Colleague: 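Just passing along the structure, written as structure tokens.
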Amino acid sequence: MLCVVAANAQSSGDKLYNQGLALQKTMTKSAQNQAISKFQSAKKLYDSATKKKQCDDAIAVSRGIISSLGSSGKSDKGSGGNTSKNSGSGKQKTMQHEQQAAATLSLSNRVFHPGQSAAEMEISVTTNQKEWSVAPIAERDGSSFVTVEKVDDHIFRISVPYNPGSEARTQYVQVTAGTAKERVEVTQIGREIELIANKTSIKAGKKSKTEKIDVSCNSDAEYSDNYGNNWHVYKAPDWVRVVGEAPKREGAEDLGQKVGKGVKKLYEKGASLFTGEKDQSMIKSKAQIFIDPLPDNISSRDGEIVIESGYKTFKIVVIQTR
């Protein structure tokens, strides 16, 4: 029973809100005050914070129109005689007021931050203009991962597909109503970066030592300071050097011959070693760690090698004792 009451209240609120929008198109103070009354009544019926804000935005638009009309704003009352003379000029005056009034535009949301999966968001538009348009702002190369479509005269929908990359991506959607413009920021996160080495610690004696490690990472990054690998050394002790091997990027076959059948199979499967999800292939690369001899005046020392890819880090502890 409560659900039915809520649904009816919601329907009544929408009806009042739409009546207010219809009144708002008439550029007179009287019409704008009536529109404000409709929006205020609709707001009382809504239980959604988004819908209530939508009403507040619409009220602000009407008040802005009233302010722009100033002392020249006319009421809806009839002028008595001379109706034949004034009937033709009424529309002309309304058009003049509409042209003089500053274009107003507000959106229910200006930020859309979806996760990696495909997602949609509907945004309400409030304006004193009869027409408005919406379109994504494409990248310099003309590409766009965002699509938009009008749902009705007051709502448009933003859609984004699954993001297969490890990097976040951002694009803007622009709404235009007359001379007024508003933007919606669309930022979609990338896949979770996985970074791991086959060793978490290395022990060495007083003599110099060379240790080989395997590093696996699914990032799209390429670091010029590490032969184009998708990871690099963020920091290391001054007595330790980490040298990565240049990766082969000719394809899965060559990569498999380079670093082993396991990685080749992962490329063929297109899945992550850890999550098993598609489009998250782990690239395995090799590196050598060179540890300097322990000075005669030191009995032991330790430090951390921190490798990094994007926002992800992995630590390898190095301990050297006599």
Side-chain angles (χ1 to χ4, degrees), residues 6-7 10-11 13-22 24-25 35 39 42-43 45-62 64-65 102-193 219-220 277-280 310-311:
Q10 192 75 0
S11 177
D14 289 339
K15 184 177 180 181
L16 287 167
Y17 179 79
N18 289 330
Q19 289 174 353
L21 289 177
Q24 198 176 61
K25 293 178 181 179
F39 295 140
K43 182 179 178 181
L45 293 175
Y46 286 139
D47 55 7
S48 163
T50 300
K51 290 283 190 178
K52 288 179 181 291
K53 183 181 182 304
Q54 178 178 291
C55 291
D56 288 336
D57 290 341
I59 290 169
V61 170
S62 287
I65 294 172
T104 59
L105 174 65
S106 64
L107 308 177
S108 58
N109 289 284
R110 291 183 178 85
V111 175
F112 180 28
H113 290 174
Q116 184 190 5
S117 299
E120 294 181 344
M121 172 182 274
E122 290 190 353
I123 295 178
S124 299
V125 178
T126 304
T127 179
N128 63 349
Q129 302 298 296
K130 292 182 179 180
E131 300 292 336
W132 57 272
S133 61
V134 59
I137 300 175
E139 299 296 328
R140 290 183 178 180
D141 61 1
S143 64
S144 172
F145 72 91
V146 173
T147 58
V148 297
E149 62 176 330
K150 276 190 174 184
V151 178
D152 55 33
D153 291 341
H154 310 292
I155 297 173
F156 68 92
R157 182 185 297 117
I158 299 176
S159 303
V160 296
Y162 170 78
N163 182 5
S166 63
E167 299 293 329
R169 53 187 182 180
T170 298
Q171 198 171 341
Y172 293 89
V173 171
Q174 182 165 290
V175 182
T176 304
T179 58
K181 295 180 180 180
E182 289 288 352
R183 285 186 177 185
V184 180
E185 180 188 270
V186 183
T187 299
Q188 185 180 27
I189 65 171
R191 67 171 179 264
E192 181 73 17
I193 295 177
S219 171
D220 296 330
E277 295 180 15
K278 292 283 186 179
D279 302 319
Q280 296 190 22
Y311 59 83

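Bear in mind the structure is a predicted one, so any value in this text is a computation, not a measurement.
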Colleague: With sequence neighbours left out, what residues match T147 under side-chain contact (heavy atoms from CB on, under 4.5 Å)?
Modeller: S159
Colleague: Check this for me: K150, atom NZ, are more than 12 non-hydrogen atoms of other residues, nucleotides or ligands nearer than 6.0 Å?
Modeller: yes
Colleague: Under 3.5 Å, which donor-acceptor pairs do the side chains of residues 54-62 form with other protein atoms, sequence neighbours left out?
Modeller:
from: Q54; atom 1: OE1; to: S124; atom 2: OG; distance (Å): 2.6
from: D56; atom 1: OD1; to: K43; atom 2: NZ; distance (Å): 2.8
from: D56; atom 1: OD2; to: K43; atom 2: NZ; distance (Å): 3.2
from: D57; atom 1: OD2; to: K53; atom 2: NZ; distance (Å): 3.1
from: S62; atom 1: OG; to: Q24; atom 2: NE2; distance (Å): 2.9
from: S62; atom 1: OG; to: Q32; atom 2: OE1; distance (Å): 3.0

Colleague: Checking S106 now: which residues fulfil side chain to side chain donor-acceptor pair (under 3.5 Å) with it, not counting sequence neighbours?
Modeller: none
Colleague: With the side chain counted from C-beta on, respond yes when E120 and F112 share a heavy-atom pair under 4.5 Å apart, and no when they do not.
Modeller: no
Colleague: Can you list the residues that meet the side-chain contact (heavy atoms from CB on, under 4.5 Å) rule with N18, with sequence neighbours excluded?
Modeller: L21, H154
Colleague: T179: what forms a side chain to side chain donor-acceptor pair (under 3.5 Å) with it, not counting sequence neighbours?
Modeller: none
Colleague: Only counting residues at least two apart or in another chain, list the ones meeting side-chain contact (heavy atoms from CB on, under 4.5 Å) with A180.
Modeller: A103, L105
Colleague: Using the side-chain contact (heavy atoms from CB on, under 4.5 Å) criterion, which residues pair with E122? Sequence neighbours excluded.
Modeller: V151, I155, R157
Colleague: Restricting to side chain to side chain donor-acceptor pair (under 3.5 Å), what partner residues turn up for E167, sequence neighbours left out?
Modeller: none
Colleague: Output every pair passing salt bridge (charged side-chain N to carboxylate O under 4.0 Å, His left out) with a member in residues 133-142, not counting sequence neighbours, ordered by first then second residue.
Modeller: none
Colleague: Can you name the side chain to side chain donor-acceptor pair (under 3.5 Å) partners of S133, sequence neighbours left out?
Modeller: none
Colleague: Indicate yes or no: at least one non-hydrogen side-chain atom of F145 is less than 4.5 angstrom from one of N163.
Modeller: no
Colleague: State whether the number of non-hydrogen atoms from other residues, nucleotides or ligands found under 6.0 Å of Y172 atom OH is greater than 12.
Modeller: no
Colleague: Does the side chain of D14 come within less than 4.5 Å of K51's, by heavy atoms?
Modeller: yes
Colleague: Who are the salt bridge (charged side-chain N to carboxylate O under 4.0 Å, His left out) partners of D153, not counting sequence neighbours?
Modeller: none
Colleague: A quick test of your reading: do over 12 heavy atoms of other residues, nucleotides or ligands sit less than 6.0 Å from CD of E131?
Modeller: no
Colleague: Judged by modelled atom types alone, do R191 and Q116 share a side-chain donor-acceptor pair under 3.5 Å?
Modeller: no
Colleague: Could you name each residue pair satisfying salt bridge (charged side-chain N to carboxylate O under 4.0 Å, His left out) that touches residues 103-117, not counting sequence neighbours?
Modeller: R110-E182
